[in-house]
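Everything numeric in this text was worked out from a predicted model, so none of it was measured. Counting starts at 1 for both ligands and their atoms, following the listed order.
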Amino acid sequence: MNKGALALLVHGGTENWSPQRWKARFDEVCPDRSVLLLPDASSDPAEVHYAAVWKPHPGELAAFPNLRVIFNLGAGVDALMADRSLPDVPLVRVAVTDLTARMTEYVVLHVLMHHRQEPYLRESQREKRWAPKSQWAAGAVTVGIMGLGTLGADAADALRRLGFRVVGWSRSPKQIEGVTCFHGKLQLDAFLGRINILVCLLPLTLNTRQILNRGLFEKLNRTSPLGAPVVINAGRGGLQNEADILQCLDDGTLGGASLDVYATEPLPVDSPFWTHPKVVLTPHNAADTDPDEISKYVAEQIRRFEAGGALENVVDRNRGY
Ligand SMILES: NC(=O)c1ccc[n+]([C@@H]2O[C@H](COP(=O)([O-])OP(=O)(O)OC[C@H]3O[C@@H](n4cnc5c(N)ncnc54)[C@H](OP(=O)(O)O)[C@@H]3O)[C@@H](O)[C@H]2O)c1
C-alpha cells in the first residue's frame, strides 16, 4: 500500500531548526514513507497526509487537500492558532519527557540563581570584592508557577523536592502532592499574594496575552528575605508587557527577571533587556526540541493512528492550547 507522504515545514531559522537535519531524522524513522521537505515543486500536495511543522507561514498548510494530522514540532501552538486557514484536522503538540526535563532544568537553574543571589555574587567576583551576604533556606521562599500543565507540574515537583514552598495556578482545579494549587481568575490574587519568585509556563492565548504586567507584579509578595519579587518567563514573549517589566525593575517593584522569550525574536540589538543589570537573558532556548526525540514521537503517533489508535496531546482549538 502506498503510504501518504509526510510534509516537513520547518522555518525556525536557528541551528536546532535546520530543515535538512529534521529531514534526515524523519527519513530514518519513517523508512517506508516519503518525507517531503517543502517547498518542493516536484511534490503533489494531494499525496500529503501528515505535516510536521514549526512556524509554518500562514496559509501554507491549507495547500494539502488530504491532510489527516498536523504535528507541531514544539509544545506551544500559538503561531499555528493565528493561522485562520489552518485545516480542520487534529493538531498534535509535543509533550515528551526530554523537553519537559530540559524546561525543569531551566526553571530550577533560574530559581536557584535568584534564590542564591548569583547576579550579586558574579558582580562581586568581577569587582574582586569579598562581600558575602547572608543566605537563607529554600523553605523561606515561595515559588509560584503559572501553568500547571506538562511543564509546570514537573518544574513544581522538582522545586518542592529542593525545599521551596510551591504554589501553582491553572485554568481548571488540580491536585499535585506538596503544591498548593489555585485556579481561575477568582483565585489569581490569592495565588499572587504568596509568591516571591514567579515562574510563567502558560501557553499564549487570547486569555493570557500580556498577563505579566504591572498590575500583576504589584500583587506579588514582598515579605521574603529576597525582598522584591522576581519574575521568570519561559512561556512566550506575548505573555509579558515588556515596558512594564522594565519600569518595575527600575522602580523596585521587581527585584530581578529571567527572560527566555520576547515580544520580538530575535531580540533587537537595541532592546534594554540586553544590558539591564537585573535581567538574566537567554535566547529562547529554555527547552529545545530535540529532532531525535521528536521525530520518534511523531512516527510513533502516526503508526498508532494508522492502526486505529488515538492521537496523544491533541490541541483543543477552542481553548487555544
Ligand atoms: N521557552 C521554551 O523553550 C519553551 C519550550 C516549550 C514550551 N514553551 C511554552 O510553555 C508553554 C506551556 O507548555 P506545557 O506543555 O506545559 O502546556 P500545557 O500542558 O498545555 O499546560 C498549560 C497550562 O497552562 C494553564 N492555562 C492555560 N490557560 C490558562 C488560563 N487562562 N488561566 C490559567 N491557567 C491557564 C493550563 O490549565 P489547565 O491545566 O487547567 O488546562 C495548564 O495547566 C507552551 O505553550 C509554550 O508556549 C516554551
Next item on the list: Could you tell me whether the side chains of Y297 and E293 share a donor-acceptor contact shorter than 3.5 Å?
Entry: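 The answer is no; no qualifying pair exists.
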
Margin query: Quiz question: by atom type and distance under 3.5 Å, do the side chains of Q135 and Q117 form a donor-acceptor pair?
Written below: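 Yes, because at least one side-chain N or O of Q135 sits under 3.5 Å from a partner of the opposite role on Q117.
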
Next item on the list: Might you list the protein residues in contact with ligand 1, defined as having a heavy atom under 4.0 Å from one of its atoms, sorted by chain and number?
Entry: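 The 4.0 Å shell around ligand 1 contains A75, G76, R93, L99, M103, G147, L148, G149, T150, L151, W169, S170, R171, S172, K174, L201, L202, P203, N207, T208, A234, G235, R236, D260, V261, H284, A286, A287, R319, Y321.
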
Next item on the list: Please name all residues satisfying side chain to side chain donor-acceptor pair (under 3.5 Å) with D44, sequence neighbours left out, ordered by chain then number.
Entry: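 With neighbours one apart ignored, the set is empty.
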
Next item on the list: Find out whether the Lys NZ or Arg CZ of R214 is both under 6.0 angstrom from the six-membered ring centre of F217 and within 45° of the ring's axis.
Entry: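 Geometry flag: not set, cation outside 6.0 Å or 45°.
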
Item checked: Residues that D189 engages under salt bridge (charged side-chain N to carboxylate O under 4.0 Å, His left out), provided they are two or more places apart ->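 So D189 forms a salt bridge (charged side-chain N to carboxylate O under 4.0 Å, His left out) with K219.
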
Check: Can you pull the ring pair (Phe, Tyr, Trp, His ring centres under 6.0 Å) pairs that have at least one residue in residues 12-42, sequence neighbours excluded?
Finding: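 Every ring pair (Phe, Tyr, Trp, His ring centres under 6.0 Å) pair that includes a residue of residues 12-42, provided the two are not neighbours, is W17-W22, W17-W54.
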
